[in-house]
Amino acid sequence: MLGKFITLEGGEGCGKSTNIKFIEQLLKEAGIPVVLTREPGGTVLSENIRQLLLGRDQEKISEQTELLMMFAARAQHIKHIIQPALEQGTWVLCDRFTDSSYAYQGGGRGIDSATIAWLENFSQNNIRPDLTLLLDVLVDVGMARAKNRGKLDRFEVEKMQFFNKVRTCFLEIAKQQPKRVKIVDAAQELSLVQEDITQLIQKFIHG
Ligand code: Z5A
């Protein structure tokens, strides 16, 4: 691939949406062409799947269905947005990706990681992130931030225990894959978070 693939991960209210725009700006200032996208979502079909996944006014979605919907949205997203961009030399900056499936559907819902790994191999055409920034914050701090935004989605109404399992799983992934996954202390004030992000991105760009 000519372009690089960067993902942002973390729990509720960790600041992904805030910081992804900041990273986009850093890349643009470095003269790097970049596409900003998100999961679940990124194409018309995948955004429709997102609506179904996040909505609360419908029949109960089973754990298996939830996982398959995440990967259906992802396969479409990779095929139509991520892979073509990377092949053209455009960098892709994505708000969540497969680490979220391991953390939420694996750690949170209890689906075994071998099943998720099988789907990852089946649906991603060998596309994997080159760099992942894990914005880590204590669950209660992140939830308090997220609650300030108003109506909660189908994930945000889960209990603390669920989000603690999600966080543990993200931290475990970072421990297992330290070259790819860099932890950012997202509990700091925003300017300090962005100083850390700038250092990591500059190092990634310049090697
Ligand atoms: N999901 C899944 O289960 N499996 C998968 O494979 C994938 C996803 C891909 C939607 O994701 C859901 O999909 C998600 C997991 C599941 N669960 N939920 N909920 P999402 O990324 O769209 O939703 P989200 O996690 O709630 O992210 P968000 O809404 O975009 O929030 P955020 O990006 O983490 O935070 P933010 O909007 O940038 O910041 C939140 C607030 O905090 C805001 O007011 C900021 O101004 C403030 N903020 C940010 N940083 C700071 C600092 N440093 N200090 C103080 N205040 C701050």
Side-chain angles (χ1 to χ4, degrees), residues 7-24 36-43 46-47 49-56 61-78 81-82 92-111 113 115-117 119-120 123-124 127-129 132-160 162-167 169-170 173 184-198:
T7 59
L8 250 77
E9 298 280 8
E12 271 46 45
C14 66
K16 292 178 292 84
S17 309
T18 308
N19 288 302
I20 204 161
K21 295 190 192 87
F22 176 74
I23 299 172
E24 181 188 30
L36 186 65
T37 187
R38 69 173 179 183
E39 289 213 345
T43 76
S46 306
E47 289 289 333
I49 296 174
R50 178 189 179 89
Q51 293 304 318
L52 293 171
L53 277 162
L54 299 191
R56 284 168 58 192
I61 300 178
S62 79
E63 286 83 359
Q64 293 90 338
T65 307
E66 183 179 278
L67 177 69
L68 292 169
M69 287 171 79
M70 290 295 174
F71 272 97
R74 180 164 300 132
Q76 187 75 359
H77 189 206
I78 289 171
I81 303 287
I82 298 176
V92 176
L93 192 50
C94 190
D95 188 337
R96 295 199 184 280
F97 196 63
T98 308
D99 293 322
S100 281
S101 298
Y102 282 101
Y104 284 81
Q105 283 65 55
R109 305 276 192 231
I111 294 178
S113 53
T115 301
I116 300 173
L119 284 167
E120 183 178 22
S123 57
Q124 292 188 196
I127 304 270
R128 289 191 168 69
T132 297
L133 301 187
L134 172 59
L135 301 186
D136 181 53
V137 66
L138 281 174
V139 170
D140 51 357
V141 175
M143 280 173 91
R145 287 183 192 167
K147 279 198 177 112
N148 285 336
R149 289 175 317 198
K151 196 169 176 283
L152 301 179
D153 67 33
R154 199 176 59 81
F155 287 93
E156 288 166 339
V157 294
E158 288 291 340
K159 307 220 164 15
M160 281 286 274
F162 175 86
F163 293 112
N164 276 317
K165 287 190 214 158
V166 168
R167 179 169 182 244
C169 188
F170 272 133
I173 294 170
V184 175
D185 177 4
Q188 305 175 92
E189 71 172 66
L190 188 59
S191 62
L192 297 179
V193 173
Q194 294 188 336
E195 265 180 36
D196 289 355
I197 288 176
T198 304

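Heavy atoms only: backbone and side chains are in, while hydrogens, waters and symmetry mates are out. All ligand and atom numbering here is 1-based and tracks the order in the structure. If you're wondering where the values come from, they're calculated on a predicted model, not measured in any experiment.
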- Item | Any non-hydrogen protein atom less than 4.0 Å away from atom 5 (C) of ligand 1 | yes
- Given the protein's heavy atoms, is any one of them under 4.0 Å from atom 30 (O) of ligand 1?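 It does; a protein heavy atom is within 4.0 Å.
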Going by the atom numbers of ligand 1, which of them fall below 4.0 Å from some non-hydrogen atom of [X]?
X   : result
R50 : 20 (P), 22 (O)
T18 : 36 (P), 38 (O), 39 (O), 45 (C), 49 (C)
P40 : 7 (C), 8 (C), 9 (C), 13 (O)
E39 : 9 (C)

Backbone N or O of [Y] within a donor-acceptor pair of the [X] side chain at under 3.5 Å?
X    : Y    : value
D153 : E156 : yes
S123 : L119 : yes
E47  : G42  : yes
R38  : D95  : no

- Query: Would you say F170 and T132 make side-chain contact, with heavy atoms under 4.5 Å?
  - Reply: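 No. Closest side-chain heavy atoms not under 4.5 Å.
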- Answer whether the closest heavy-atom distance between the side chains of E12 and V166 falls below 4.5 Å. no
- Give the contacting part of R38 toward ligand 1: side chain, backbone, both or neither, where contact means a heavy-atom distance below 4.0 Å.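 R38 to ligand 1: no contact under 4.0 Å from either part.
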- Message: Under 4.0 Å, heavy-atom basis, I'd like to know which part of T98 is in contact with ligand 1: side chain, backbone, both or neither.
- Response: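 Neither; no heavy atom under 4.0 Å.
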- Lys/Arg N to Asp/Glu carboxylate O, E158 vs R109, below 4.0 Å: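 The answer is yes: the pair qualifies as a salt bridge.
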Is it true that [X] lies under 4.0 Å from ligand 1, counting heavy atoms only?
X    : result
A146 : no
A186 : yes
R154 : no
L54  : yes
Q188 : yes

- Message: If you apply the rule side chain to side chain donor-acceptor pair (under 3.5 Å), what do you find for Y102 with E120, and how did you get there?
- Response: CA-CA 10 Å; Y102 282 101; E120 183 178 22; 2.6 Å; yes
- Task: Could you pull out, from R96, K16, E9, the option with a heavy atom nearest to atom 27 (O) of ligand 1?
- Result: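 Selected option, by shortest heavy-atom distance: K16.
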- Item | Option whose closest heavy atom lies nearest to atom 52 (C) of ligand 1, chosen from R145, E156, E12 |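 Of the listed residues, R145 has the closest heavy atom.
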- Can a donor-acceptor pair be found between the side chains of Q124 and T98 at a distance below 3.5 Å? yes
